[in-house]
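Below is one structure, written out as structure tokens; the observations come after it.
This structure is a prediction, so every number in the text was calculated from the model and none was measured.
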Amino acid sequence: MARQFQRGHKARISDLTAGTDLYVGVQIAGAGLTFDISCFGLDADEQLSDDRYFIFFNQPKSPEESIQLLGAQAGDTESFRITLDRIPATVQKLSFTATIDGAGQMSQIGPGYIRIVAGGDEVVRYAFTGSEFTTERAVMLGDFYLKDVWRFAAVGQGFDGGLDALLRNFGGEVADEEPTAPQQSAAPPAFAPPAAAPDPAPSFGAPAAPPQAPPVRTPEPAPSSGGTATPPPLPTPTPPPLPAPAPPPMHSAPTMAAPMHLQGGATPPPAPAPYAQPPQLPQQQQPPQFGQFPGQGQPTGAPAPYGGPPGQPAPYGQSAPYGQHPPTIAVPGLQAAFQKYRETDTGQRWTPQNKYLMRADLTVSDTPVLARQGSMVMYQGKVDFSYKGAGFAGRIVGHATGQEMQLMRCTGRGQVFFAENSTHLHPIELQGDGICVSAENVLAFDETLQYEVRRIEGHGIPGGALFTMQFQGTGTVIVKTHGVPVVLPVTPTTFADCNAVVAWSSASQVIVSSQVRLRQNAYAGDSGESVNLQFRGAPGNFIIVQPYEV
């Protein structure tokens with residue numbers, strides 16, 4: 001099963017697959033938008049090591065063919081073949097990007113993804129939507145980077161400029177020249193899905209010269225009446241044919257900003273319909289939904305819900321009375337009014353529905369979910385809820401440390417929706433590492449995670465807690481915050497209010513710091529910031545602080 005990445009997640013390639021011959025697919029689409037998808041081969045300074053390692057539609061492969069552009073196939077807008085063991089030592093990072101060719105913004109795109117396939121099996125997928133961006137015209141999707149070993153990181157970082165600005169950012173030069181026809185590979189690689197038969201490449205040469213008129217011949221005059229023949233005049237010399245007109249420039253913009261030419265004769269996915277208006281296509285032509293593989297969907301001829309037209313849901317808020325079907329025509333505009341609030345199904349274990357609502361899909365994994373008692377707001381399918389006790393010792397420790405969690409276990413086959421007091425919810429996926437979170441800020445987590453109470457070093461926090469919960473292992477923990485949090489790197493001078501800090505990386509050292517001075521106590525009044533937490537640790541550690549004090 002493919003691992004689902006969130007923005008910022010990283011992993012060693014060797015932990016994902018033992019292979020080094022990889023297929024990278026990118027799916028991105030938006031109404032009326034055209035995209036250029038590229039790969040930049042960067043050096044240790046994150047600059048183009050060589051212009052030949054800028055792989056795009058006009059340069060489909062690197063010199064040693066360790067990076068190859070394959071074209072659209074298997075539901076992907078663009079795809080690449082990456083052979084890690086053939087990449088030269090000067091290339092330390094491969095950055096996969098998508099830019100808009102023409103007008104538009106990344107906030108207009110629909111659900112998309114970047115995925116890695118090894119040996120025919122998808123091993124990792126990072127999904128994104130347009131709601132994560134604003135006015136950006138480019139996005140850095142994911143990176144392969146060399147740090148002792150090759151690793152993959154889900155980036156999802158927007159970029160204001162287009163492809164030419166992105167190229168300059170990586171130290172490349174933009175040249176104005178005519179594009180050349182991309183080279184077609186002789187056969188698709190064995191690891192990639194088969195591609196359709198390629199169309200003949202378009203001709204970018206000069207137009208044919210106009211047909212030349214035959215040489216003009218002057219007719220011979222008739223002989224004179226005197227019988228003496230007058231010599232015919234010399235033939236008029238034919239002027240040389242005019243040179244063929246120069247071909248018009250293909251594009252006025254730099255070559256890398258030209259519209260992408262589809263390879264392999266693949267039909268691009270249909271552009272999404274305007275907001276709240278799903279496209280009306282026959283079932284056989286419906287594109288795969290987000291989270292589904294190509295060809296997966298409702299079978300042809302499936303019965304329509306409540307007797308309505310096939311493939312159309314029942315009107316919002318309308319159910320079928322017993323023994324009677326509702327009318328097949330909904331009230332105009334009713335479905336469109338609530339279209340943006342419909343359930344989001346990404347096929348992942350945890351899916352945010354909005355900032356305040358989280359969905360757990362129990363069908364993705366057989367692992368139960370542990371959640372705060374009473375945090376379920378809705379569920380679908382056959383789901384059982386049971387009490388999760390901490391045991392006698394656990395209750396004593398939780399009560400004494402203030403880190404007691406009243407939990408319930410969710411099992412079965414279905415989807416469960418969690419929320420609590422309209423707090424912001426954030427899924428944090430752990431991959432063998434750990435995070436410290438106050439029990440008050442934990443909403444739910446996978447039962448595969450190990451958790452325990454951890455003591456904070458120091459002499460105590462007046463009015464606060466001296467302990468926190470530490471989560472370790474492989475799984476996801478849902479952290480709730482009051483408002484939008486901020487993530488800060490841990491440095492020797494990083495301090496945080498103990499009532500505002502939400503979580504921190506478990507490798508950080510935390511001690512209680514006091515600014516109380518005997519001389520200050522001689523005066524009336526207090527700043528209210530006498531005691532806080534000081535964080536220390538190696539680079540890469542972080543803390544999460546909310547704009548709210550408990």
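Checked options Val26, Thr97, Ile100; the residue passing with Phe35 is Ile100 (criterion: side-chain contact (heavy atoms from CB on, under 4.5 Å)). Among Val123, Leu16, Thr83, Thr17, the one residue that satisfies the side-chain contact (heavy atoms from CB on, under 4.5 Å) test with Leu22 is Thr17. Of the residues listed (Asn499, Val486, Asn441, Thr423), the one engaging Gln546 in a side-chain contact (heavy atoms from CB on, under 4.5 Å) is Asn441, and it is the only one.
Expressed to the nearest 0.5 Å, how far CZ of Phe54 lies from SG of Cys39 amounts to 10.0 Å. Atom SG in Cys410 sits 12.5 Å away from atom CD in Gln415 (nearest 0.5 Å). From Lys355, atom NZ reaches atom OG of Ser131 across 11.0 Å, with rounding to the nearest 0.5 Å.
Counted by atom type alone, Asp361 and Thr363 present one or more donor-acceptor pairs between their side chains at under 3.5 Å. In this structure, a donor-acceptor pair under 3.5 Å is present between the side chains of Tyr113 and Asp76. Residues Thr346 and Thr351 have side chains that bring a donor and an acceptor to within less than 3.5 angstrom of each other. A donor-acceptor pair shorter than 3.5 Å can be found between the side chains of Thr20 and Asp85.
Taking 4.0 Å as the cut-off between side-chain N and carboxylate O, Arg86 and Glu64 do not count as a salt-bridged pair. A salt bridge is defined here as a Lys NZ or Arg NE, NH1 or NH2 lying under 4.0 Å from an Asp or Glu carboxylate O, and Asp366 with Arg413 meets this definition.
Remark: the backbone N or O of Ile67 is paired with a side-chain donor or acceptor of Ser62 at under 3.5 angstrom. Proximity of a side-chain donor or acceptor of Asp43 to a complementary backbone N or O of Glu46 within less than 3.5 Å is detected. Looking only at distances, no side-chain donor or acceptor of Lys480 sits under 3.5 Å from a matching main-chain atom of Tyr356.
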Which atom pairs, one a donor and one an acceptor, fall under 3.5 Å between side chains of residues 139-163 and the rest of the protein, sequence neighbours left out?
unit_1: Asp143; atom_1: OD1; unit_2: Ser95; atom_2: OG; d: 3.2
unit_1: Arg151; atom_1: NE; unit_2: Lys147; atom_2: O; d: 3.1
unit_1: Arg151; atom_1: NH2; unit_2: Lys147; atom_2: O; d: 3.4

Verdict with reasoning, Leu69 to Phe56, per side-chain contact (heavy atoms from CB on, under 4.5 Å): CA-CA 7 Å; Leu69 187 72; Phe56 67 121; 5.8 Å; no
side-chain contact (heavy atoms from CB on, under 4.5 Å) assessment of Arg359 paired with Asp345: CA-CA 9 Å; Arg359 191 190 83 156; Asp345 183 7; 2.9 Å; yes
Criterion side-chain contact (heavy atoms from CB on, under 4.5 Å) on Gln380 and Phe417, from CA distance to verdict: CA-CA 9 Å; Gln380 303 172 111; Phe417 296 77; 3.7 Å; yes
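Between His9 and Tyr126, a ring centre-to-centre spacing not shorter than 6.0 Å is recorded. Between Phe96 and Phe80, the distance from one ring center to the other falls under 6.0 angstrom.
In this structure Gln470 satisfies the side chain to side chain contact (heavy atoms under 4.5 Å, CB included) test together with Cys436, Glu452, Arg454, Gln472, Ser506, sequence neighbours excluded. With sequence neighbours left out, the side chain to side chain contact (heavy atoms under 4.5 Å, CB included) criterion links Pro427 to Pro352, Met358, Thr476, Ile478. Under the ring pair (Phe, Tyr, Trp, His ring centres under 6.0 Å) criterion, Tyr379 pairs with Phe385, sequence neighbours left out.
At a threshold of 4.5 Å between non-hydrogen side-chain atoms, the residues Val479 and Ile544 do not count as touching. Under the 4.5 Å side-chain criterion, counting only non-hydrogen atoms from C-beta, Phe418 is not in contact with Leu357. For the pair Arg81 and Asp21, the minimum side-chain heavy-atom distance is below 4.5 Å.
Within the structure, no pair that satisfies the salt bridge (charged side-chain N to carboxylate O under 4.0 Å, His left out) test touches residues 532-541, not counting sequence neighbours. Every pair passing salt bridge (charged side-chain N to carboxylate O under 4.0 Å, His left out) that includes a residue from residues 128-142 is listed here, sequence neighbours excluded: Arg7-Glu132.
Ring pair Phe40/Phe170 is tilted by interplanar angle, where 30° to 60° counts as tilted.
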